[in-house]
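Proteins get letters first, then strands, A, B, ... in listed order; numbering begins at 1 in each.
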Amino acid sequence: MSDSTSFFGDPDPIFANKDLLRVQHLPDKDRIIGRDEELTQLANAIKDAAHGRTPNNVLVYGKTGTGKSLCTKYITNDLVSSAEENDVSVGVAYVDCFQDSTETQTVRSIADSLNDPDETDVKIPMSGLSTSDYYRRLWNILEDRYDVGLVILDEIDKLDSDDVLMQLSRAAESGKIEDSTLGIIGISNKIRYKETLNERVRSSLSERNLVFAPYDAKQLGEILNSRIDAFREGVVEEAVIPKIAALAAREHGDARKAIDILRYAGESAYERGHETVRETHVDEAHEREERNRLSELISKLPSHSKHLLNALALQAQQHDDDDPEIPTEDVYSLYEIMCEQEGTDPLKNRRVRDLLSELEFLSVIRQQHKGRGRGRGAHTVNQLVDEPELVIKACKSA
DNA sequence: TCTCCACAGGAAACAACGGTCT
DNA sequence: AGACCGTTGTTTCCTGTGGAGA
């Protein structure tokens with residue numbers, strides 16, 4: 001599986017084990033860097049679970065790439081094994097709430113990851129059940145298999161209602177489960193997330209709060225160094241890692257992005273046939289990391305959103321101004337023409353307004369509301385965030 | 001300072017879909 | 001087989017409002 005040999009079977013001159021630079025890669029404990037205190041706090045908060053008692057519910061905050069999910073996964077793994085020594089069975093369910101954002105999807109996902117059909121004789125179908133059915137099955141599974149259930153809700157702020165949180169936090173007191181107990185670890189990158197919750201849920205969910213600060217340059221450097229085994233020995237020049245670390249610390253403190261840049265730098269060196277990864281490759285890699293984000297984002301957009309974006313970009317390009325403001329009605333009429341040419345039915349105005357505000361949410365465009373005076377109504381103008389040429393190119397290639 | 005209306009955007013309803021349950 | 005479920009994408013309906021011009 002590793003990319004250590006090239007297409008032609010020759011050994012890769014740059015990478016020894018590229019997997020170490022994949023985001024999904026879960027490092028060993030000695031590779032988790034600069035998070036000792038957070039790990040300890042987290043462990044303290046949930047340690048009761050190891051003895052079969054109800055753990056504290058925890059809210060973990062911190063920007064992206066600060067190691068929240070990583071540490072949570074690590075510590076819960078650890079908990080499961082130390083609980084085993086006490087003859088306590090702990091089940092951990094990890095849910096990415098960005099993917100499973102509705103109440104039903106979340107319960108389903110939790111039930112599914114705690115379940116073992118052979119053991120419980122319960123099936124968790126992908127769909128078709130009512131929400132309450134999924135809950136019923138989840139409670140059964142919990143009672144059947146575990147003393148303690150730990151639910152990790154990653155990107156908890158993406159949840160579209162508090163209902164799951166309500167149900168989960170009240171499961172024991174409302175008698176839904178009797179022999180088992182349940183703990184929740186919520187992970188969010190919005191520091192104000194707690195304020196959006198209703199009072200009941202808030203108090204029970206945030207018994208403990210933890211904040212992960214962005215990594216500083218020193219820690220980023222250590223993190224990158226710990227992945228140096230991804231490269232062949234001596235391939236990465238000395239200045240490279242400090243440079244990436246400084247860059248990433250200045251901009252965001254995001255370890256994930258820093259690792260991406262390191263990988264891109266390696267790829268740059270490889271493509272140019274250089275034998276070592278140099279500082280110049282870092283600059284290229286940095287640019288590449290940014291450009292990739294845009295085209296990746298656009299390629300994942302539904303086709304009508306792409307058409308709209310394309311229409312907006314074309315109009316921005318024709319405009320004399322540098323950063324022109326295009327009214328929604330203009331975008332819409334060009335979009336209609338483009339759909340006609342393609343032979344697809346255009347969406348109605350109302351829907352288009354929704355799609356445009358989604359694009360704004362994704363920071364691909366900027367919107368501004370303006371009034372037009374007596375008898376002329378109010379309207380919205382749209383601006384591109386990136387260069388029109390870049391956007392058009394990305395729309396075409398996608 | 002006040003007026004006025006086209007558009008923004010919330011709410012609800014609908015349709016299609018892919019699934020389960022009895 | 002037919003009732004039922006949740007999700008997604010869309011349309012229809014409707015109210016609230018920004019701000020240029022009177």
Side-chain angles (χ1 to χ4, degrees), chain A residues 93 95-118 120-141 153 155-168 196 297-312 315 324-336 338-340 342-384 398:
Chain A
V95 182
D96 178 1
C97 301
F98 185 77
Q99 269 179 44
D100 300 323
S101 61
T102 67
E103 183 187 8
T104 319
Q105 285 168 343
T106 311
V107 201
R108 199 212 78 82
S109 178
I110 298 170
D112 191 42
S113 41
L114 292 181
N115 192 27
D116 178 356
D118 295 337
T120 54
D121 224 17
V122 178
K123 269 198 303 184
I124 305 293
M126 286 303 291
S127 62
L129 298 194
S130 68
T131 309
S132 53
D133 267 332
Y134 283 121
Y135 275 118
R136 254 193 296 280
R137 292 185 192 200
L138 171 59
W139 306 142
N140 286 339
I141 291 167
L153 299 169
E155 303 208 54
I156 193 173
D157 47 296
K158 295 291 184 314
L159 240 40
D160 64 7
S161 90
D162 300 348
D163 297 346
V164 215
L165 304 177
M166 183 77 108
Q167 295 286 342
L168 292 178
T196 66
L297 193 68
I298 292 180
S299 72
K300 280 181 195 150
L301 254 28
S303 63
H304 283 289
S305 301
K306 271 185 226 163
H307 288 151
L308 277 168
L309 199 56
N310 205 1
L312 175 59
Q315 280 185 327
E325 300 176 340
I326 316 285
T328 301
E329 27 175 342
D330 293 359
V331 180
Y332 186 70
S333 46
L334 181 58
Y335 156 81
E336 268 185 312
M338 287 170 53
C339 281
E340 212 169 295
E342 244 197 36
T344 51
D345 286 341
L347 298 174
K348 289 285 190 289
N349 213 307
R350 177 68 187 83
R351 178 66 184 143
V352 163
R353 287 206 293 271
D354 280 342
L355 291 183
L356 283 173
S357 49
E358 263 171 45
L359 288 176
E360 193 203 19
F361 178 76
L362 293 171
S363 304
V364 183
I365 68 173
R366 278 194 302 267
Q367 291 192 308
Q368 226 183 322
H369 304 293
K370 298 204 164 174
R372 289 193 301 191
R374 190 186 168 81
R376 316 247 52 230
H379 75 316
T380 300
V381 292
N382 306 275
Q383 283 173 292
L384 282 178

Protein-nucleotide distance ([X], atom [atom1]; [N], atom [atom2]), rounded to Å:
X: His304(A); N: dG9(C); atom1: NE2; atom2: P; value: 11 Å
X: Asp160(A); N: dG6(C); atom1: CG; atom2: C1'; value: 12 Å
X: Leu347(A); N: dT10(C); atom1: CG; atom2: P; value: 5 Å
X: Leu355(A); N: dG9(B); atom1: CG; atom2: P; value: 13 Å
X: Asp330(A); N: dC7(B); atom1: CG; atom2: C1'; value: 14 Å
X: Arg136(A); N: dC5(C); atom1: CZ; atom2: P; value: 12 Å
X: Glu360(A); N: dA8(B); atom1: CD; atom2: P; value: 13 Å
X: Asp345(A); N: dT11(C); atom1: CG; atom2: C1'; value: 13 Å

From [options], pick the nucleotide closest to the side chain of [X]?
X: Thr102(A); options: dT20(B), dT10(C), dT7(C); value: dT7(C)
X: His379(A); options: dG19(B), dC7(B), dT8(C); value: dC7(B)
X: Ser130(A); options: dC5(C), dT7(C), dT12(C); value: dC5(C)

**Study point:** Most 5' of Gln99(A) and Gly128(A) on DNA chain C, judged by nearest nucleotide
**Key:** Gly128(A)

Review point. Hey, what's the ring geometry for Tyr335(A) with His307(A), parallel, tilted or perpendicular (30° and 60° as the breaks)?
Key: tilted

Check your understanding: For the base of dG9(B), is there a side-chain donor-acceptor partner from Arg350(A) under 3.5 Å away?
Key -> yes

At under 4.0 Å, does any side-chain N or O of [X] touch on OP1 or OP2 of [N]?
X: Ser127(A); N: dT20(B); value: no
X: Thr380(A); N: dC7(B); value: no
X: His369(A); N: dG9(B); value: yes
X: Arg353(A); N: dA8(B); value: yes
X: Thr131(A); N: dC5(C); value: no

Review point. Got a second to check how far Ser101(A)'s OG is from Ile156(A)'s CD1, nearest 0.5 Å?
Key: 13.0 Å

Point to revise | Value rounded to 0.5 Å, distance of CG in Asp100(A) from OG1 in Thr106(A) | key: 6.0 Å

Practice item. Could you check whether Arg137(A) gets within reach of a base, just the sugar-phosphate, or nothing at all, counting any heavy atom under 4.0 Å? Key: sugar-phosphate

Exercise for review: Pick base, sugar-phosphate or nothing for Thr328(A), based on heavy-atom distances below 4.0 Å to the nucleic acid.
Suggested key: sugar-phosphate

Review point. Looking just at side-chain N and O atoms, do Tyr135(A) and Glu103(A) make a donor-acceptor pair shorter than 3.5 Å?
Key: yes

Exercise for review: Using a strict 4.0 Å threshold on nitrogen-to-oxygen distance, state whether Arg350(A) and Asp354(A) make a salt bridge.
Suggested key: yes

